[in-house]
Student: 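Mind having a look at this structure? Questions to follow.
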Amino acid sequence: QVQLVESGGGLVQAGGSLRLSCAASGRAFSNLAMGWFRQAPGKEREFVAGINWGGGTTRYGDSVKGRFTVSRDNAKNTVTLQMNSLKPEDTAVYYCAASSRFSLPIRVNSYEYDYWGQGTQVTVSS
């Protein structure tokens with residue numbers, strides 16, 4: 001089993017930045033592919049970013065490319081999502097996810113991830 005705990009959400013004005021963190025425990029973190037998803041009210045869960053076991057490969061959803069950066073620190077069992085140039089449409093609950101079933105290619109479907117955090121709210125005001 002893997003436990004994931006997100007932190008760093010909050011309220012920010014459009015154009016601002018936030019940094020989300022996800023702390024993992026319970027399994028060798030370096031064997032987990034990690035992903036970030038988000039879900040806005042009334043919408044389906046959406047892939048935001050993913051990173052492979054070693055951290056050398058990343059993938060982003062089209063709506064966040066060039067604005068968000070995902071990284072991981074295997075020594076600290078953490079994955080981070082740096083969000084810049086935030087827009088009101090980025091408002092959602094953000095979830096950290098993990099999978100031991102793949103490393104590459106990075107998957108974008110939520111059903112391919114086995115473990116989920118509780119989510120953290122990000123609200124971007126206009």
Side-chain angles (χ1 to χ4, degrees):
Q1 282 287 52
V2 175
Q3 292 77 43
L4 303 173
V5 179
E6 303 99 334
S7 61
L11 174 64
V12 65
Q13 288 189 332
S17 298
L18 278 176
R19 186 180 181 90
L20 304 184
S21 292
C22 174
S25 62
R27 187 183 177 126
F29 182 70
S30 58
N31 291 338
L32 297 172
M34 301 299 296
W36 286 97
F37 288 77
R38 67 187 182 186
Q39 189 165 19
K43 295 188 177 181
E44 293 187 353
R45 192 163 293 191
E46 173 189 17
F47 174 79
V48 174
I51 188 166
N52 74 318
W53 294 351
T57 301
T58 57
R59 185 175 182 178
Y60 297 92
D62 289 342
S63 60
V64 307
K65 282 180 182 176
R67 300 188 297 124
F68 290 12
T69 302
V70 61
S71 60
R72 67 189 294 161
D73 185 336
N74 286 348
K76 296 182 178 179
N77 290 2
T78 58
V79 61
T80 299
L81 184 68
Q82 177 66 43
M83 306 186 293
N84 298 329
S85 302
L86 283 162
K87 305 174 181 180
E89 51 263 44
D90 294 318
T91 296
V93 177
Y94 283 70
Y95 297 92
C96 175
S99 178
S100 59
R101 290 186 276 161
F102 67 86
S103 180
L104 291 172
I106 295 168
R107 311 299 168 84
V108 302
N109 297 304
S110 60
Y111 61 78
E112 297 191 87
Y113 290 79
D114 304 306
Y115 307 103
W116 293 84
Q118 80 287 352
T120 186
Q121 177 70 46
V122 171
T123 302
V124 184
S125 63
S126 58

Student: Below 4.5 Å, heavy atoms only, C-beta onward: do Val122 and Val124 meet side chain to side chain?
Tutor: yes

Student: Roughly how far, to the nearest 0.5 Å, is OG1 of Thr91 from CG of Leu11?
Tutor: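 Here the rounded value is 8.5 Å.
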
Student: How many angstroms lie between atom CD of Gln82 and atom CG of Leu20, to the nearest 0.5 angstrom?
Tutor: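 Reported to 0.5 Å precision, the distance equals 9.0 Å.
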
Student: With a 4.5 Å limit on heavy-atom distance, are the side chains of Thr57 and Ile106 in contact?
Tutor: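 They are in side-chain contact.
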
Student: Given side chains that start at C-beta, do those of Asn31 and Ser100 come closer than 4.5 Å, heavy atoms only?
Tutor: no

Student: Side-chain contact, heavy-atom cut-off 4.5 Å: Arg19 with Thr80?
Tutor: yes

Student: Under the ring pair (Phe, Tyr, Trp, His ring centres under 6.0 Å) rule, what pairs show up with a residue in residues 85-105, not counting sequence neighbours?
Tutor: Phe102-Tyr113

Student: So, do Val64 and Arg38 sit near enough that their side-chain heavy atoms are less than 4.5 Å apart?
Tutor: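 Yes, close enough: below the 4.5 Å cut-off.
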
Student: Quick one: pull up CD in Glu6 and CH2 in Trp116 and give me the separation to the nearest 0.5 Å.
Tutor: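 Answer rounded to 0.5 Å: 9.5 Å.
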
Student: Side chains of Met34 and Val70: closer than 4.5 Å at any heavy-atom pair?
Tutor: no

Student: Assess the side chains of Ser63 and Glu46: does a donor N or O sit below 3.5 Å from an acceptor N or O?
Tutor: yes

Student: What distance separates Ser25 OG from Leu4 CG, expressed to the nearest 0.5 Å?
Tutor: 7.5 Å

Student: Would you check if Thr78 and Ser21 make a side-chain contact, meaning some heavy-atom pair closer than 4.5 Å?
Tutor: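 Counting from C-beta outward, Thr78 and Ser21 never come under 4.5 Å.
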
Student: Atom CE of Met83 and atom CZ of Arg67: how far apart are they, to the nearest 0.5 Å?
Tutor: 9.5 Å

Student: Sort and list the pairs that fulfil ring pair (Phe, Tyr, Trp, His ring centres under 6.0 Å) and have at least one residue in residues 50-78, not counting sequence neighbours.
Tutor: none

Student: Can you tell if the side chain of Trp36 reaches within under 4.5 Å of the side chain of Cys96, non-hydrogen atoms only?
Tutor: yes

